[in-house]
Amino acid sequence: MADLFTPAPIPAPHTLTVSFDAWEGPLDLLLGLARTQKVDLREISILALTEQYLAFIDSARQLKLELAADYLVMAAWLAYLKSALLLPRQEQPDPSPEDLALRLQLRLQRLNAMRDAAARLMARDRIGRDVFPRRAPEGLRLVKKAQWRASLYDLIATYGQIRARTQPVVHTIAVRPVMTLDEAIQRVGALVGAALDWTRLESFLPPDLDPPKVKSALASSFVAALELARQGRIEIQQDGIFQPIYLRAPMPADHRGPLL
Amino acid sequence: MNPEPDDYLRAVEAALFVAEHPLTPAEIRLHVGEAGDLDTALRTLGDQYAGRGVNLVERGGRWHFQTAADLAHILRREKDEPRRLSRAAMETLAIIAYHEPVSRAEIEAIRGVQVAKGTLDVLMEAGWVRPAGRREVPGRPLIYATTVEFLTHFGLSSRRDLPGIEDLRAAGLLDPVDLALEGLTGQSVVENDEEEA
Amino acid sequence: MNPEPDDYLRAVEAALFVAEHPLTPAEIRLHVGEAGDLDTALRTLGDQYAGRGVNLVERGGRWHFQTAADLAHILRREKDEPRRLSRAAMETLAIIAYHEPVSRAEIEAIRGVQVAKGTLDVLMEAGWVRPAGRREVPGRPLIYATTVEFLTHFGLSSRRDLPGIEDLRAAGLLDPVDLALEGLTGQSVVENDEEEA
């Protein structure tokens, strides 16, 4: 802020010791020069300002100061403006040099206004420099209180999962609907005595069986028939592969038909 | 406030206001100098701030402003933050609900996993679980049970409203996960079907 | 101080006292509730603290306590010195504050030099300037504006408090040169109007 509160060095061509670092570009330099005219910027003579600027640049050149290009561009433009302003009015180019001069004046006014505004802004009572808040406020605290969410479904579903996960898996062997071989031997042995002629194996099955049990009964009865035949208690006949199987009680030897 | 606090009083007030910690009179004087009667200024400030939202207090020879004790509640604002229970907490809660009262070891035996300390804390903080005495076995472990708030939250009039094992089974909630998956893939699970029926 | 500040006033006072940053009325209400007239309470507190070593101030719609400016010398510490701004940064800040929102090209038009890369960064890092969208013109340049922290730091209740802003506006010094030129030469004024609105 030192550069703000110390007034810009007022350049005068005969005491030129200015470093160009002090200027923020040619417009800034022009504004500094304009302030030396000590008049309201609205009253400023652009022609006089132009001459001041060009003299300043010349002095700088004689002192072999390094001049940034934009200062030289401004110098060239101002030299043009000066010559145009000096021309008789009817010979002046378009846009008129008066308009150009006015434009420059307006720009200087605006830059000057912002420079003053910046100074007044910086001079305000600033936090941490002029006014102070508490250095260690306790702070307003926002305490977050957990609002736990869980539904009854979550609860019971979770419990079900625990039980399913941790219970030993028990394999139960189902009791199948079967007819045992003993049952079949008894049944077939009893019934075949009553049959006089060849009778199909299926006829010896109990009536009203469930379909799964029918197969079991058929298989058991077949094995029972083989067993009874081996014991000589019945005879078996089948005409070909996959043909019906017939059973009957044993005949006297001469009546015996073809054996299986 | 008083119409015209003098500059010395104002300086003491401001110094105490910005201070990072309570100040001794000597520390205050480092700021405000010797141009006034510090004891009087502190007493006057104390009187002026008495009964306000901020008071000037002296503790062990140091002075500082602090908020009035009865206003503490407004400086700490609570905000509800909805959160879901972790899986571990949910399982623990379910086991307590179905088996209460249970000890931690029993919960672990049922879960097949250790129960972290924080898990029970969360359930107690939520107000759903409470310690319910000790089991009279060696080690006298703490046992846990559910609370009335638990019943309220889950809309139960009593623990008997919890669906039993058979209800869970009927709802398919006891299906082992892999079996349920097998069913989903359309493969035959014929034999077990009959068992479940 | 007043003999009997009511509890609502006391609560507002305490909340502002402990707050870590300036509070909006909405933030204050979060703590003190709706049981009183906040505007009145703030005005009353402001009056009560006026002229004291500590004042209640409003900056950009936020309220905070701060020490009185004339006591700065006893409170300032060396390390408090705010960061020095370059002249470029100060001018750029002023231009943004008085013209906002402005684009970089507009800042450059006023200053007659390019805005160095770091200048806007410094102002944004200080928290005083923020990007405020883009101007809907070719190139869609970024535009900048000041922040609430800017108002707080420089002790401004609002941008209307910017020193001399009404005079500058009345003098047309916040209008772009082209616009002013057209006005001066009696030509019609057009395009830039909206930007200034």
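Residue numbers begin at 1 in each chain, while the letters A, B, ... track the order of the sequences. Side-chain atoms are counted along with the backbone in the values below, which use heavy atoms only and exclude waters and symmetry mates.
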Would L140(A) and E27(C) count as a side chain to side chain contact (heavy atoms under 4.5 Å, CB included) here? Give the steps. CA-CA 10 Å; L140(A) 285 161; E27(C) 288 170 329; over 6 Å; no

Going through the checks in order, is the salt bridge (Lys or Arg N to Asp or Glu O under 4.0 Å) test met by E91(C) and R115(A)? CA-CA 6 Å; E91(C) 285 183 13; R115(A) 179 148 314 160; 2.6 Å; yes

For R111(C) and M114(A): C-alpha separation, side-chain torsions, deciding distance, then whether side chain to side chain contact (heavy atoms under 4.5 Å, CB included) applies. CA-CA 9 Å; R111(C) 294 194 65 230; M114(A) 284 301 103; over 6 Å; no

Between I127(A) and R59(C), is the side chain to side chain contact (heavy atoms under 4.5 Å, CB included) condition met? List the steps. CA-CA 12 Å; I127(A) 295 243; R59(C) 304 286 183 244; over 6 Å; no

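Residue contact with chain A, scored on non-hydrogen atoms closer than 4.5 Å, is absent for L71(C). For L173(C), the parts lying near chain A are the backbone and the side chain together; criterion is any non-hydrogen pair under 4.5 Å. With a 4.5 angstrom heavy-atom cutoff, L27(A) touches chain C only via side-chain atoms. Looking at T92(C), there are no atoms closer than 4.5 Å to chain A (heavy atoms on both sides), in backbone or side chain. The contact between A109(C) and chain A is made entirely by backbone atoms, counting heavy-atom distances below 4.5 Å. Heavy atoms of A68(C) lying under 4.5 Å from chain A belong exclusively to its backbone. Of the two parts of F65(C), only the backbone, made up of N, CA, C and O, holds a non-hydrogen atom closer than 4.5 Å to a non-hydrogen atom of chain A. Proximity to chain A involves both the backbone and the side chain of V18(C), based on heavy atoms less than 4.5 angstrom apart.
Counting heavy atoms of neighbouring residues, nucleotides and ligands inside a 6.0 Å radius, atom CZ of R149(A) does not exceed 12 of them. More than 12 heavy atoms of other residues, nucleotides or ligands lie within 6.0 Å of CD in E20(C), so this atom counts as buried by the packing criterion.
The shortest heavy-atom contact between P163(C) and R120(A) is CB-NE, 3.6 Å.
You'll find the side chain of H153(C) reaches within 4.5 Å of the side chain of R126(A), heavy atoms only. In this structure the side chain of M90(C) never reaches within 4.5 angstrom of the side chain of L121(A), judged on heavy atoms. Contact annotation: the side chain of R107(A) never approaches that of I110(C) to less than 4.5 Å [non-hydrogen atoms, C-beta and beyond].
Relative to the ring axis of F17(C), R134(A) places its NZ or CZ within 45° and under 6.0 Å from the centre.
Interface summary for chain A: among L168(C), T152(C), I165(C), the most heavy-atom pairs under 4.5 angstrom belong to T152(C). In terms of heavy-atom pairs under 4.5 angstrom with chain A, the leader among L162(C), D167(C), L156(C) is L156(C). If you tally non-hydrogen atom pairs under 4.5 Å between each of A171(C), P22(C), A94(C) and chain A, the highest count goes to A94(C). Interface summary for chain C: among A117(A), P26(A), A113(A), A136(A), the most heavy-atom pairs under 4.5 angstrom belong to A117(A).
Judged by distance alone, with hydrogens and angles left aside, the side-chain atoms of T67(C) form no donor-acceptor pair with the main-chain N or O of V131(A) at under 3.5 Å. Between the R110(A) side chain and the D175(C) main chain, a donor and an acceptor come within less than 3.5 Å of each other.
Here the straight-line distance linking atom CZ of R129(A) with atom CZ of R76(C) works out to 7.0 Å at 0.5 Å rounding. The CZ atom of R77(C) sits 8.5 Å away from atom CZ of F132(A), with the distance rounded to the nearest 0.5 Å.
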